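Here is how names work: the chains are called A, B, and so on, in the same order as the sequence lines, proteins then strands, and each is numbered from 1. Values below: all heavy atoms of this structure, side chains included; hydrogens, waters and symmetry mates excluded. What you see is a predicted model, and the numbers here were worked out from it, not measured in a lab.
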There are 2 protein chains.
Amino acid sequence: MLTERQLLILRAIIDDYIQTAQPVGSRTLSKRDDLSFSSATIRNDMADLEDMGLIEKPHTSAGRIPSEVGYRYYVDHLVETKLIDERETYRLGERLRASAQESEVLIRQAADLLSDLTNYTTVALGPSSQMNRLARIDLMPLDERRGVVLIVTDQGHVEHRTVVFESPMAPDMVEQTIRFLNDRLKGTPLGQLKFRIGEEVSNLRLAHQQQYESMMQLIQATVGVHHPTSLYLGGKKNIFNQPEFQTLDTLRPFLEWIDEQERLTDWLESLPNREIYVSIGSENGILALQNCSVITSDYTLDGKTFGTIAMIGPTRMDYRHGVRMMGQIIEALRRTKLEE
Amino acid sequence: MLTERQLLILRAIIDDYIQTAQPVGSRTLSKRDDLSFSSATIRNDMADLEDMGLIEKPHTSAGRIPSEVGYRYYVDHLVETKLIDERETYRLGERLRASAQESEVLIRQAADLLSDLTNYTTVALGPSSQMNRLARIDLMPLDERRGVVLIVTDQGHVEHRTVVFESPMAPDMVEQTIRFLNDRLKGTPLGQLKFRIGEEVSNLRLAHQQQYESMMQLIQATVGVHHPTSLYLGGKKNIFNQPEFQTLDTLRPFLEWIDEQERLTDWLESLPNREIYVSIGSENGILALQNCSVITSDYTLDGKTFGTIAMIGPTRMDYRHGVRMMGQIIEALRRTKLEE
DNA sequence: ATTAGCACTCAGTAAATATGAGTGCTAATA
DNA sequence: TATTAGCACTCATATTTACTGAGTGCTAAT
């Protein structure tokens with residue numbers, strides 16, 4: 001268990017290191033107003049803290065830096081997750097809504113705003129359309145053999161794909177099929193579309209045997225429409241200002257990792273579903289992020305569960321500020337009404 | 001005017017430097033099979049080439065490197081723009097078409113392929129939808145007051161936007177408006193939509209006075225739909241392998257510049273409209289690209305003018321190979337039929 | 001006109017030497 | 001018994017110095 005002074009020292013070390021990115025020495029600490037002990041005393045406590053694995057030294061004659069365990073302790077004991085400044089939340093909400101009312105734009109803005117506030121990189125995952133329900137499906141003919149399949153969800157999300165048919169489409173045939181699909185599939189979550197169509201297809205076969213071929217094609221196309229989840233990156237260049245990313249060896253893996261959209265999406269989707277969660281250094285299990293910490297949170301927009309937002313910075317990130325800003329932003333989003 | 005030997009030497013210097021990224025010395029050159037002169041002779045010619053501004057030395061005791069003027073000479077005199085290897089073009093075409101038939105995917109693939117072939121970064125601008133003609137416009141109601149405006153073009157391009165109405169929409173009213181818009185605007189290039197609607201709006205006013213308000217809203221929304229040109233980036237990480245981008249000072253401006261999508265789009269759109277065009281170092285006028293050269297070309301797909309593709313590498317890029325690959329790719333695209 | 005020869009230049013590397021911030025331990029002090 | 005002053009020791013970093021070697025320009029010989 002930590003003595004009060006040790007706690008004070010640990011906190012001072014971390015706060016200082018977060019600011020300066022330099023190892024913190026005993027003399028520096030003893031000069032602080034809130035630590036009126038001699039450097040020797042502090043050295044003794046530091047030795048204890050090191051024994052406990054909370055801090056470490058890069059080499060013999062350097063000061064101490066927090067270890068991952070130390071950060072973990074700091075985050076768990078010294079950072080308040082739930083601290084919302086009503087006025088600031090309100091102001092952030094205003095800033096967000098000023099830009100747009102469309103949800104996708106709103107999320108993009110939120111990501112940008114969050115990275116402006118913190119100077120870290122943010123990633124936001126939009127709503128997974130998998131949960132959206134089919135509002136309407138349609139086929140717009142372009143010419144005899146080509147058409148665009150349109151899928152609109154109850155959330156106003158649109159997906160589309162161009163299809164080419166083997167043989168010219170009979171207009172009434174198309175209309176019939178579309179109507180059929182709409183009748184049967186309206187309200188189906190997009191994620192289940194494929195499955196549901198499998199169920200319906202036997203009915204179809206009986207009802208419209210003669211043009212079975214083209215119908216199948218249309219259905220295939222419908223199912224084949226991709227359901228990408230939209231991904232927004234904010235403040236990517238902030239990384240250039242972090243002292244720990246001033247060398248190619250550290251910078252390159254990070255940049256290569258963050259540019260890989262698909263992997264990024266998978267990662268965000270795989271995160272545990274919580275309100276605000278901090279993952280420190282190697283905890284996140286990603287090689288390219290071994291020197292990074294991540295603050296993630298699911299967010300809701302207008303009350304509805306929506307997506308995930310993440311903030312990525314060096315392990316030496318300002319957890320207190322980061323967590324606070326994250327809290328404010330998701331609260332501002334939560335309070336945002338989609339329609340005016 | 002250059003003597004034959006000087007030309008030989010210039011070419012050798014550039015070829016060598018492109019390979020090694022190291023200044024080339026007289027002794028190195030004299031050891032080449034195609035340059036059986038003594039190093040002293042070569043030194044004399046090098047001095048002349050330097051006087052002409054074609055090569056320069058980083059410092060007294062280094063070898064020579066090509067100057068921008070030198071590269072320009074090399075590109076203008078020693079690189080053949082139009083050299084197509086039928087078999088390879090065919091093979092590239094196959095590789096492209098294997099992946100997809102949809103034009104947007106095809107372009108993305110082309111960008112990736114080109115950067116694979118050259119190890120440089122590529123940027124491709126998709127078709128500007130401005131030239132696409134309206135095939136159909138539609139409004140899909142989501143609930144009483146929200147709907148999705150859909151715009152489909154003759155090329156199968158889809159754009160959409162969610163609109164919120166002040167007051168509930170009357171279904172027949174909506175239908176009427178949509179029909180009206182479709183009747184009047186079908187075939188209009190997207191770029192002119194705004195203008196054309198201005199012309200039509202007075203007619204509308206007369207015809208449907210009572211619900212003028214909602215109609216106006218719908219029309220506004222229609223016009224307000226954005227027309228983004230799609231942009232694809234290929235092989236961004238290739239830059240990390242270029243020796244001239246091993247330091248943050250050079251890397252950072254490049255990465256920051258290339259991540260700025262809008263600026264990138266504007267830049268590509270502003271390029272002179274030619275088949276293959278090489279811009280060397282500071283010629284391109286972009287600070288972040290002062291150490292880069294760019295090979296650009298407009299391309300056509302299935303015969304139709306489509307967009308622009310660019311390849312960005314260090315000034316010390318392999319112009320011969322780059323130009324050749326660019327030629328092959330745009331030729332492969334040109335020969336690609338959109339429907340099977 | 002070409003080449004051999006030689007003195008000279010200068011980036012890059014490596015070894016040699018300081019510098020100083022910081023530590024751990026011990027003994028004195030409150 | 002907890003704190004502090006004092007001191008020897010460590011080690012990354014900066015500075016100096018010397019050395020190496022690839023390359024040049026010039027001159028004199030071929």
For this session: For the side chain of B:S26, starting at C-beta, report the closest nucleotide among D:dT24, D:dG23, C:dT23.
Result: D:dT24
For this session: Could you tell me whether the phosphate oxygens of C:dC10, OP1 or OP2, come under 4.0 Å of any side-chain nitrogen or oxygen in B:S61?
Result: no
Problem set entry | Among C:dC10, C:dT2, D:dT24, the one nearest B:H59 by side-chain distance | C:dC10
For this session: Round to the nearest Å and state the distance from A:I42 atom CD1 to D:dA5 atom C1'.
Result: 14 Å
Exercise. Between atom CG in A:L29 and atom C1' in D:dT3, what is the gap in whole Å?
Worked result: 17 Å
Problem set entry | Any donor-acceptor pair under 3.5 Å from B:T89 side chain to B:E331 backbone | no
Exercise. Does OP1 or OP2 of C:dC10 have a side-chain N or O of B:T60 closer than 4.0 Å?
Worked result: yes
For this session: Would you mind reading off the distance between A:D45 atom CG and D:dA2 atom C1', rounded to a whole angstrom?
Result: 11 Å
Seminar exercise, completed: Rounded to whole Å, CD of A:Q22 lies from C1' of C:dG20 at a distance of 14 Å
Exercise. Think A:K57 has a side-chain N or O under 4.0 angstrom from the OP1 or OP2 of D:dA12?
Worked result: no
Problem set entry | Nucleotide nearest B:A40 (side chain, heavy atoms from C-beta), chosen from D:dG25, D:dG6, C:dA4 | C:dA4
For this session: Would you mind telling me which residue lines up with the more 5' stretch of DNA chain D, A:R43 or B:E50, judged by nearest nucleotide?
Result: A:R43
Seminar exercise, completed: Re C:dA21: Watson-Crick or G-U wobble partner, both distances kept under 3.5 Å, found to be D:dT10
Problem set entry | Interatomic distance, B:L35 CG vs C:dT2 P [rounded to whole Å] | 13 Å
Exercise. Any Lys/Arg nitrogen of B:E256 or B:R252 sitting under 4.0 Å from an Asp/Glu carboxylate oxygen of the other?
Worked result: yes
Exercise. For the base of D:dG23, is there a side-chain donor-acceptor partner from B:R27 under 3.5 Å away?
Worked result: no
Exercise. Hey, is the side chain of A:T41 poking within less than 4.0 Å of OP1 or OP2 on D:dT4, counting only N and O atoms?
Worked result: yes
Problem set entry | Any A:S38 side-chain N or O less than 4.0 Å from OP1/OP2 of D:dT4 | yes
Problem set entry | N/O (side chain, A:R64) to phosphate O (OP1/OP2, C:dG24) under 4.0 Å | yes
Problem set entry | Whole-Å distance separating the CD1 atom of B:I55 from the P atom of D:dG23 | 14 Å
For this session: Determine: side-chain N/O of B:R5 to OP1/OP2 of C:dT2, distance under 4.0 Å, yes or no.
Result: yes
Problem set entry | D:dA28 pairs with, by Watson-Crick or G-U criteria that keep both distances under 3.5 Å | C:dT3
Exercise. Whole Å only: how far is the CD atom of A:E56 from the C1' atom of C:dT23?
Worked result: 16 Å
For this session: Pick out which of A:F254, A:F240, A:Y120 makes a ring-ring contact (aromatic ring centres under 6.0 Å, His included) with A:F245.
Result: A:F254
Exercise. Parallel under 30°, tilted from 30 to 60°, perpendicular over 60°: which one fits the rings of B:W267 and B:W257?
Worked result: perpendicular
Exercise. Can you find a heavy atom in the side chain of A:D48 that is under 4.5 Å from one in the side chain of A:Q6?
Worked result: yes
Exercise. Do you know which two heavy atoms are closest between B:R320 and B:L78, and how far apart they sit?
Worked result: NH2-O, 3.4 Å
For this session: Figure out the CE/C1' separation between A:M46 and D:dT3, and round it to whole Å.
Result: 17 Å
For this session: Please determine if a side-chain N or O atom of B:S39 lies less than 4.0 Å away from the OP1 or OP2 oxygen of C:dT3.
Result: no
